[in-house]
Amino acid sequence: MQPDDPETRLTTAREAIAHAARLAGRKAEAVTLIAISKTKDADEIEPLLAAGQRVFGENRVQEAQAKWPALREAWPDAVLHLVGQLQSNKAEEAVALFDAIHSVDRPSLIAALARAMERQNRRPDCFLQVNIGDEEQKGGCAIDALPDLLAEARAAGVPVAGLMAVPPAEVEPAPYFALLAKLARDNGVAGLSIGMSGDYETAVTLGATHVRIGTALFGARR
Ligand SMILES: *Cc1c(COP(=O)(O)O)cnc(C)c1O
């Protein structure tokens, strides 16, 4: 086995998650590892499926539609999360394809998702994305807008599994993770989707229930 093959990377990430969970007095099983397979072809994804990984994340509806129906025929228990921004006019397709949606950040999208869920009678877990660093270009609702958004989601029957955030690049992420964890506690939300390749161990010590790991599993994206 090559030291750097996908299976070894997966084992390394799982061990690091377990270690960070132990440090924080948490159980490793409380953390779901989402393998972010955006830009990766089926032949790069299959080794991870063969190694036992079942939860994957994509950031574009169209790309996922092209790759995953065939992969799911071979691995029917694969679970697919959407972690990228979602346009309301893609809500129908997203509800049909994904088991969880991490980028719910505005009332119009909640309305579109609610309609799609009603029509399809299928309710993927939703994460409300918060623009935790108050950044101009980032997706996510403003921190102040979160309570209203949460109330809208609950009223519309959109199941809220947790909060999600991507902290500002190139600064220490821990304060942002801690802030999102506090927002989740204050608002009675259980899940916390935080942590990527560079910072997932920190995220786990601060309460992540879902970590989204791409590069550390697949190598750099083209
Ligand atoms: C690409 C992406 C990730 C994974 O990033 P890595 O640094 O490659 O682990 C996580 N979350 C979101 C929202 C992404 O778009």
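For reference, positions follow the sequence shown, starting with 1. Whatever order the structure lists them in is the order used to number ligands and atoms, beginning at 1.
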J.: For Ser197, counting its heavy atoms only, list the atoms of ligand 1 lying under 4.0 Å from any of them.
T.: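 Those atoms are 6 (P), 7 (O), 8 (O), 9 (O).
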J.: Quick one: which ligand 1 atoms are inside 4.0 Å of a heavy atom on Arg212?
T.: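 Atoms satisfying the 4.0 Å criterion: 4 (C), 9 (O), 10 (C), 11 (N), 12 (C), 13 (C).
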J.: Give yes or no for whether the N/O distance cutoff of 3.5 Å, strictly under, is met between Asn59 and ligand 1.
T.: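 Between Asn59 and ligand 1, no N or O pair is found under 3.5 Å apart.
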J.: Going by the order shown, which atoms of ligand 1 are within less than 4.0 Å of some heavy atom of Met164?
T.: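 Once the distances to Met164 are compared, the set is 13 (C).
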J.: Do NZ/NE/NH1/NH2 and the carboxylate oxygens of Arg9 and Asp5 come within less than 4.0 Å?
T.: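 Judged by the 4.0 Å cut-off on N to carboxylate O distance, Arg9 and Asp5 do not form a salt bridge.
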J.: Starting from atom 14 (C) of ligand 1, find the nearest protein heavy-atom neighbour and note its residue, name and distance.
T.: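 In this structure, atom 14 (C) of ligand 1 has Lys38 NZ, 3.0 Å as its nearest protein heavy atom.
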J.: Near Thr215, which atoms of ligand 1 are under 4.0 Å from a heavy atom of that residue?
T.: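 Listed by number with element: 6 (P), 7 (O), 8 (O), 9 (O).
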J.: Please check whether Val166 reaches ligand 1 - meaning an N/O of the residue sits under 3.5 Å from an N/O of the ligand, judged on distance alone.
T.: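 No - when backbone and side-chain N and O of Val166 are compared with those of ligand 1, no distance drops under 3.5 Å.
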J.: May I ask you to say whether Arg122 pairs ionically with Asp99, meaning some side-chain N is under 4.0 Å from a carboxylate O?
T.: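 Yes, Arg122 and Asp99 are salt-bridged.
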J.: Looking only at protein heavy atoms, which one is nearest to atom 5 (O) of ligand 1, and how far off is it?
T.: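 The protein heavy atom lying closest is Met196 CE, 3.6 Å.
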J.: Look at the rings of His81 and His210 and say which category their plane angle falls in: under 30° parallel, 30 to 60° tilted, over 60° perpendicular.
T.: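 Judged by the thresholds at 30° and 60°, the geometry between His81 and His210 is tilted.
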J.: As an exercise, identify every atom of ligand 1 less than 4.0 angstrom from a heavy atom of Ile213.
T.: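 Listed by number with element: 9 (O).
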J.: Within ligand 1, which atoms have a heavy atom of Val83 less than 4.0 Å away?
T.: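 Listed by number with element, the hits are 12 (C), 13 (C).
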J.: With the threshold set at 4.0 Å, does a side-chain nitrogen-carboxylate oxygen contact exist between Glu118 and Arg123?
T.: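 A salt bridge links Glu118 with Arg123.
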J.: Is Glu92 salt-bridged to Arg119, cutoff N-O under 4.0 Å?
T.: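 Yes, Glu92 and Arg119 are salt-bridged.
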J.: Under the salt bridge (charged side-chain N to carboxylate O under 4.0 Å, His left out) test against Glu58, which residue among Lys40, Lys67, Arg212 passes?
T.: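 Single salt bridge (charged side-chain N to carboxylate O under 4.0 Å, His left out) partner of Glu58 among Lys40, Lys67, Arg212: Lys67.
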J.: Just wondering, more than 12 heavy atoms not from Arg60 lying within 6.0 Å of its CZ?
T.: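 No, because the 6.0 Å sphere around CZ of Arg60 holds 12 heavy atoms or fewer from other groups.
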